[in-house]
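Report on one structure; see the data block that follows.
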Amino acid sequence: VYGHPVSSAIIDRFEAKILPEPNSGCWLWTGSVDGGGYGTFWHGGRARKATRFSYAYWRGNFPNNLDLMHSCDLPCCVNPYHLTPGTTLENVNDMWRKGRGRPSRGSRNGKAKLNWNCVQFIKGMFAAGFEYSTIARRFDVDRSTVSRIINGTAWRKVSMNVEDRYEW
């Protein structure tokens, strides 16, 4: 696996971190995991993804430029028969098709110019009689952005209560 010899001791160490789940057939990884919940396993002098180790050992090596897609959608599953090699694009399309992808919204979007407080100010400025174009210039956004905020198609969860009105 990965050009390194795999002794029975390494396989025993790997298998000791697997908890079979009888209902789904998943092999749950009980060892260390990365930030995304994917298992990591020390082999060949460095930490490796447990899914890649599992697939390579039980099903055979595959090109390093491919990802592994989970049919079970469980990051901690290392069952090699729940894993399919694919390109990054195929993996992303699989994620979206299964409804797991969610675009970053609001201020969590890395390109956002506005935050919750700015949106409240925009709604307050509109309530005070300012025009869309004036508000847009003030916040360095497009007039359509202001329109979508005011009409409730963007930043819907930010409300402007009567008692929250600002003095301009």
Step by step, work out the side chain to side chain donor-acceptor pair (under 3.5 Å) result for Asp142 and Ser144.
-> CA-CA 5 Å; Asp142 193 78; Ser144 66; 2.7 Å; yes
Residue pair Cys76 / Tyr38, side-chain heavy-atom distance below 4.5 Å | no
Check the pair Ile10 / Phe53 against side chain to side chain contact (heavy atoms under 4.5 Å, CB included), numbers first and verdict last.
-> CA-CA 11 Å; Ile10 292 171; Phe53 180 91; 3.9 Å; yes
What one should report as the nearest heavy-atom pair of Asn61 and Ala56 is OD1-CB, 3.3 Å
Below 6.0 angstrom between ring centroids: does that apply to Trp29 and Phe14?
-> yes
Stepwise side chain to side chain contact (heavy atoms under 4.5 Å, CB included) test for Met125 and Phe139 | CA-CA 11 Å; Met125 287 179 75; Phe139 290 93; 3.7 Å; yes
Can you check whether Thr30 reaches Ile18 side chain to side chain, under 4.5 Å on heavy atoms?
-> no
Any residue meeting ring pair (Phe, Tyr, Trp, His ring centres under 6.0 Å) with His82, in chain and number order, not counting sequence neighbours | none
Intermediate values then yes/no, side chain to side chain contact (heavy atoms under 4.5 Å, CB included), Ile149 and Thr145 | CA-CA 6 Å; Ile149 290 169; Thr145 301; 4.1 Å; yes
Do Arg52 side-chain atoms and Leu68 backbone N/O form a donor-acceptor pair below 3.5 Å?
-> no
Provide the closest heavy-atom pair for Gly36 versus Pro75 in the form atom of the first, atom of the second, distance.
-> O-CB, 3.8 Å
Quick one: hydrophobic cluster around Leu74, which other residues, with the 4.5 Å side-chain cut-off, linked directly or via members?
-> Leu19, Leu28
Exceeds 12 heavy-atom contacts within 6.0 angstrom, atom CD of Glu90 = yes
Shortest non-hydrogen contact from Pro85 toward Leu66 | CB-CD1, 4.0 Å
Taking Asn91 for its side chain and Thr87 for its backbone only, find out whether a donor-acceptor pair lies under 3.5 Å.
-> no
Following the transitive rule for hydrophobic clusters with a side-chain heavy-atom cut-off under 4.5 Å over Ile, Leu, Val, Met, Phe, Trp and Tyr, establish whether Tyr81 and Tyr57 coincide in one cluster.
-> no
Step-by-step side chain to side chain contact (heavy atoms under 4.5 Å, CB included) determination, Val78 to Tyr55 | CA-CA 8 Å; Val78 296; Tyr55 189 94; over 6 Å; no
Determine yes or no for a side-chain-to-main-chain donor-acceptor pair under 3.5 angstrom, with Thr40 supplying the side chain and Asp34 the backbone.
-> no
Backbone N or O of Pro80 within a donor-acceptor pair of the Arg59 side chain at under 3.5 Å?
-> yes
Find out whether Phe126 and Glu131 are in side-chain contact, i.e. whether some heavy atom of one side chain is under 4.5 Å from a heavy atom of the other.
-> no
Counting only N and O atoms by type, is there a donor-acceptor contact under 3.5 Å from the side chain of Asn79 to the main-chain atoms of Gly25?
-> yes
Do Phe62 and Met69 share a hydrophobic cluster, counting only Ile, Leu, Val, Met, Phe, Trp and Tyr and linking them when any side-chain heavy atoms are less than 4.5 Å apart?
-> no
Judged by atom type as modelled, is there a donor-acceptor pair below 3.5 Å linking the side chain of Arg48 to the main-chain atoms of Phe41?
-> no
Look at the side-chain heavy atoms of Ile, Leu, Val, Met, Phe, Trp and Tyr, link any pair under 4.5 Å apart, and say whether Val119 and Tyr132 land in one connected group.
-> yes
Heavy-atom closest pair, residues Cys118 and Leu114 | CB-CD2, 3.9 Å
Any donor-acceptor pair under 3.5 Å linking the side chain of Lys113 with the backbone of Asp140?
-> yes
